[in-house]
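Computed from heavy atoms alone, side chains included, the values below leave out hydrogens, waters and symmetry copies. A quick note: this is a predicted structure, and the numbers were derived from the prediction, not measured. Counting begins at 1 with the first residue of the sequence.
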Amino acid sequence: MSSDFEGYEQDFAVLTADITSKVARVPRLPPDEKKQMVANVEKQLEEAKELLEQMDLEVREIPPQSRGMYSNRMRSYKQEMGKLETDFKRSRIAYSDEVRNELLGDDGNSSENQLIKLREERAHLLDNTERLERSSRRLEAGYQIAVETEQIGQEMLENLSHDREKIQRARERLRETDANLGKSSRILTGMLRR
C-alpha cells in the first residue's frame, strides 16, 4: 500500500513542478497565451488537490505505528499546495493588472518601465521561491530518511536486546545443567566406591 502512496507522491511532485514553472511564466506571456495558461494551471491545481485527497486516504489505511512518517509528509505537501495557490494568485493579480492597464490605455513610458521592473522583480521572486521550495523538499526528504533510519536503528537495538536476554537465559540454563551434571557425577562416583 505504501507503493500506492509513493506513486501518488511522484505524480504530485511532477505536477507541482510543472505548475510552479507555469505560474512563473504567466506574467511574461502575451494576453491570449496568458488566458490559456491560467486555465491550464487552474485545472492542474485541481488535479493536485485530488492527488492530495488520494494520498490522505492512503495514509488513513496505514497501520498506526507507521502512520506518523506519512502524516509528516502529508503536512509538508499540503503546505506546498498552499504556497502554490498563493503564488498562482499573485501571478493572476499581475496578469489582471496588465489587462486593466491595457483596457484603460495606461501606456505611458514611466508606467511601462515600472511594469517591466515589477515583472522582472516578480519573476526573480518566483525563481527564488521555486529554489526555496526545492531546497525545502530536499531537506524534508533528508529528514524523512533520518527518521526512518532512526526507527530502523531502534528496532535493531530492541532485537539485539531480546537476543542478549535469550543468550543470558541460555547461559544460566547451561550453568544449572553443568552444576547438576557435577552433582550427578559425584553421586555416581560415591556409589561406585561403595
Side-chain angles (χ1 to χ4, degrees), residues 2 4-62 67-104 106-108 110-148:
S2 64
D4 291 339
F5 183 85
E6 288 166 3
Y8 291 136
E9 274 184 313
Q10 290 174 353
D11 292 344
F12 183 76
V14 169
L15 192 57
T16 53
D18 191 36
I19 292 170
T20 303
S21 70
K22 286 179 179 175
V23 164
R25 286 184 295 176
V26 165
R28 295 180 237 154
L29 293 173
D32 292 338
E33 289 181 36
K34 281 181 190 176
K35 288 178 186 175
Q36 288 178 338
M37 186 69 78
V38 166
N40 192 341
V41 170
E42 286 173 342
K43 190 175 181 181
Q44 285 184 316
L45 283 170
E46 285 302 315
E47 287 177 33
K49 285 179 187 174
E50 288 174 14
L51 275 174
L52 277 179
E53 288 172 11
Q54 289 295 324
M55 291 162 68
D56 206 20
L57 291 173
E58 290 292 326
V59 168
R60 290 180 190 169
E61 294 178 15
I62 293 174
R67 194 176 297 161
M69 173 180 62
Y70 291 100
S71 296
N72 288 340
R73 288 186 192 176
M74 281 304 298
R75 260 184 254 119
S76 70
Y77 293 140
K78 286 177 183 176
Q79 288 174 352
E80 185 177 348
M81 188 68 192
K83 287 177 188 173
L84 275 176
E85 289 175 330
T86 304
D87 290 344
F88 180 57
K89 284 177 188 172
R90 287 182 187 147
S91 179
R92 286 186 70 178
I93 289 169
Y95 164 64
S96 62
D97 286 348
E98 288 178 26
V99 171
R100 183 182 47 124
N101 289 339
E102 286 174 16
L103 289 173
L104 294 175
D106 185 13
D107 54 349
S110 63
S111 64
E112 189 174 321
N113 288 339
Q114 287 176 347
L115 189 60
I116 289 170
K117 285 180 185 176
L118 282 174
R119 281 185 196 162
E120 289 172 357
E121 287 174 9
R122 283 187 183 132
H124 185 66
L125 285 171
L126 287 171
D127 287 342
N128 287 341
T129 305
E130 188 178 342
R131 280 189 212 120
L132 282 171
E133 286 174 0
R134 277 197 306 261
S135 298
S136 25
R137 273 183 285 213
R138 285 189 199 119
L139 284 171
E140 183 67 29
Y143 174 74
Q144 293 302 328
I145 290 169
V147 168
E148 290 171 10

From Leu45 CG over to Asn40 CG, what is the distance, rounded to the nearest 0.5 angstrom?
-> 10.0 Å
Got a second to check how far Ser136's OG is from Arg131's CZ, nearest 0.5 Å?
-> 13.5 Å
Which value, rounded to the nearest 0.5 Å, describes the distance between Asn72 atom CG and Tyr143 atom OH?
-> 6.0 Å
Identify whether the distance between the nearest side-chain nitrogen and carboxylate oxygen of Glu130 and Arg134 falls below 4.0 Å.
-> yes
Partner of Met74 under side chain to side chain contact (heavy atoms under 4.5 Å, CB included), chosen from Met55, Arg67, Glu9 = Met55
Could you tell me the separation between the CD atom of Gln144 and the CZ atom of Arg73, rounded to the nearest 0.5 Å?
-> 5.5 Å
In short, Val59 meets Ser71 closest at the heavy-atom pair CG1-OG, 3.9 Å
Does a side-chain N-to-carboxylate-O contact under 4.0 Å join Glu121 and Arg90?
-> no
Separation between CD1 (Ile19) and CD (Glu80), nearest 0.5 Å, reads 9.5 Å
From CA spacing to verdict: side-chain contact (heavy atoms from CB on, under 4.5 Å), Val38, Phe88 | CA-CA 9 Å; Val38 166; Phe88 180 57; 3.8 Å; yes
What's the spacing between Asp56 CG and Glu61 CD if we round to 0.5 Å?
-> 11.0 Å
Does any non-hydrogen side-chain atom of Thr16 lie less than 4.5 Å from one of Gln44?
-> no
Apply side chain to side chain donor-acceptor pair (under 3.5 Å) to the pair Tyr70 and Glu58, showing each step before the final yes or no.
-> CA-CA 9 Å; Tyr70 291 100; Glu58 290 292 326; over 6 Å; no
Quick one: do Lys83 and Glu133 make a salt bridge, cutoff under 4.0 Å?
-> no
How about Val23 and Leu84: do any of their side-chain heavy atoms sit closer than 4.5 Å?
-> no
Quick one: do Arg75 and Glu140 make a salt bridge, cutoff under 4.0 Å?
-> no
